[in-house]
Amino acid sequence: MTERSWGGTTLADRRAARRRSLLDVAERLAGEEGAAAVTVRSVCRAARLTDRYFYESFAGRDDLLLAAFERVADEARSALEEAVALSAAQPDARARAAVSAFVALVLAAPHKGRLLLLEPFADPALGAHSHRLMAVFTELVGGQLPGAVDDADRRMAAHALVGGLASLFAGWLRGTLAVPRERLEAHCVELVLAAMERR
């Protein structure tokens, strides 16, 4: 049975559009004002939707916030993977491509970086989720490190590298690490290359 359309769009299309609108608002509020600013009421008001439409897509506030967080994390992960895949095979080229891709994402939309790196410290739901996500990024980074005699050593190096880079970017986003973008990128690349050379 063909789904009826209204105004040229189907019900599924309209639901998907409303869901994207709610996610866009939650992402912006969390990144600009903090996760505490994300409530069912504030998001519905900004999206100009009633709570009826909110609950057709999300079980509650935490469900929406986690979905917004996951969307940004997926975007960051895809940007890193694409940058590495398209770069030259040399380790320094891969390191520069990955760091530049992440910095570009943060600069294009700083609220995304703050949601991904800062708000997990302020919101329990995000905090628990970010720990699970950290394993994904650690595996991604670890896969770029040359093989070591002991796989545990490679995994520890990947954990240390991801944690250190996350801390650097968080300080930059907070404004407590006031350095130019070029210097931040260069330092991050040096850390990645040092880990690769040690392997």
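Everything numeric in this text was worked out from a predicted model, so none of it was measured. Atom set for the values below is all heavy atoms of this structure, side chains included, hydrogens, waters and symmetry mates excluded. We number each residue from 1, following the sequence as shown.
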Any salt bridge linking [X] with [Y]? Criterion: basic side-chain nitrogen under 4.0 Å from a carboxylate oxygen.
| X | Y | value |
| --- | --- | --- |
| Arg45 | Asp51 | no |
| Arg114 | Glu119 | no |
| Asp13 | Arg18 | no |

Closest approach of [X] and [Y], non-hydrogen atoms and distance?
| X | Y | result |
| --- | --- | --- |
| Leu118 | Ala170 | CD2-CB, 3.6 Å |
| Ala83 | Ala97 | CB-O, 3.4 Å |
| Ala35 | Leu65 | CB-CD2, 3.9 Å |
| Ala98 | Leu80 | O-CD2, 3.2 Å |
| Ala67 | Phe58 | CB-CE2, 3.9 Å |
| Val25 | Ala46 | CG1-CB, 3.6 Å |

With no hydrogens and no angle check, is any side-chain donor or acceptor of [X] less than 3.5 Å from a backbone partner on [Y]?
| X | Y | answer |
| --- | --- | --- |
| Trp172 | Val179 | yes |
| Thr176 | Gly171 | yes |
| Ser42 | Ala37 | yes |
| Ser100 | Arg96 | yes |
| Ser130 | Gly127 | yes |
| Arg61 | Val38 | yes |

Are any non-hydrogen side-chain atoms of [X] and [Y] less than 4.5 angstrom apart?
| X | Y | answer |
| --- | --- | --- |
| Phe102 | Leu165 | no |
| Leu177 | Leu184 | yes |
| Leu116 | Phe169 | no |
| Lys112 | Leu105 | yes |
| Thr39 | Leu29 | no |
| Cys44 | Thr50 | no |
| Leu22 | Tyr53 | no |
| Leu115 | Leu126 | yes |

* Would you indicate whether Glu56, at its atom CD, is surrounded by more than 12 heavy atoms from other residues, nucleotides or ligands within a distance under 6.0 Å? =>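 Count over threshold, so yes.
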* Phe121, CZ atom: more than 12 neighbouring heavy atoms under 6.0 Å ->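 For Phe121, atom CZ is not crowded (no more than 12 foreign heavy atoms under 6.0 Å).
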* Pick from Glu32, Arg28, Glu33, Glu27: which one makes a side chain to side chain donor-acceptor pair (under 3.5 Å) with His111? ->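 The single option meeting the side chain to side chain donor-acceptor pair (under 3.5 Å) with His111 is Glu27.
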Is [X] linked to [Y] within one hydrophobic cluster, defined over Ile, Leu, Val, Met, Phe, Trp and Tyr using a side-chain heavy-atom separation of less than 4.5 Å?
| X | Y | value |
| --- | --- | --- |
| Leu168 | Met134 | yes |
| Met156 | Val192 | no |
| Val84 | Val99 | no |

* Between CG on residue Leu64 and CZ on residue Arg19, distance to nearest 0.5 Å ->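 Going from CG on Leu64 over to CZ on Arg19, the span is 8.5 Å.
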* Asked: Distance from Asp123 atom CG to Asp62 atom CG, nearest 0.5 Å?
  ->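 Answer rounded to 0.5 Å: 6.5 Å.
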* To do: Name all pairs fulfilling the salt bridge (charged side-chain N to carboxylate O under 4.0 Å, His left out) condition that reach into residues 181-196, sequence neighbours left out, sorted by first residue then second.
  =>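 Qualifying pairs, neighbours excluded: Arg181-Glu185.
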* Asked: Parallel, tilted or perpendicular: which describes the rings of Phe69 and His129, with under 30° parallel and over 60° perpendicular?
  ->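 Rings of Phe69 and His129: perpendicular, as their planes differ by over 60°.
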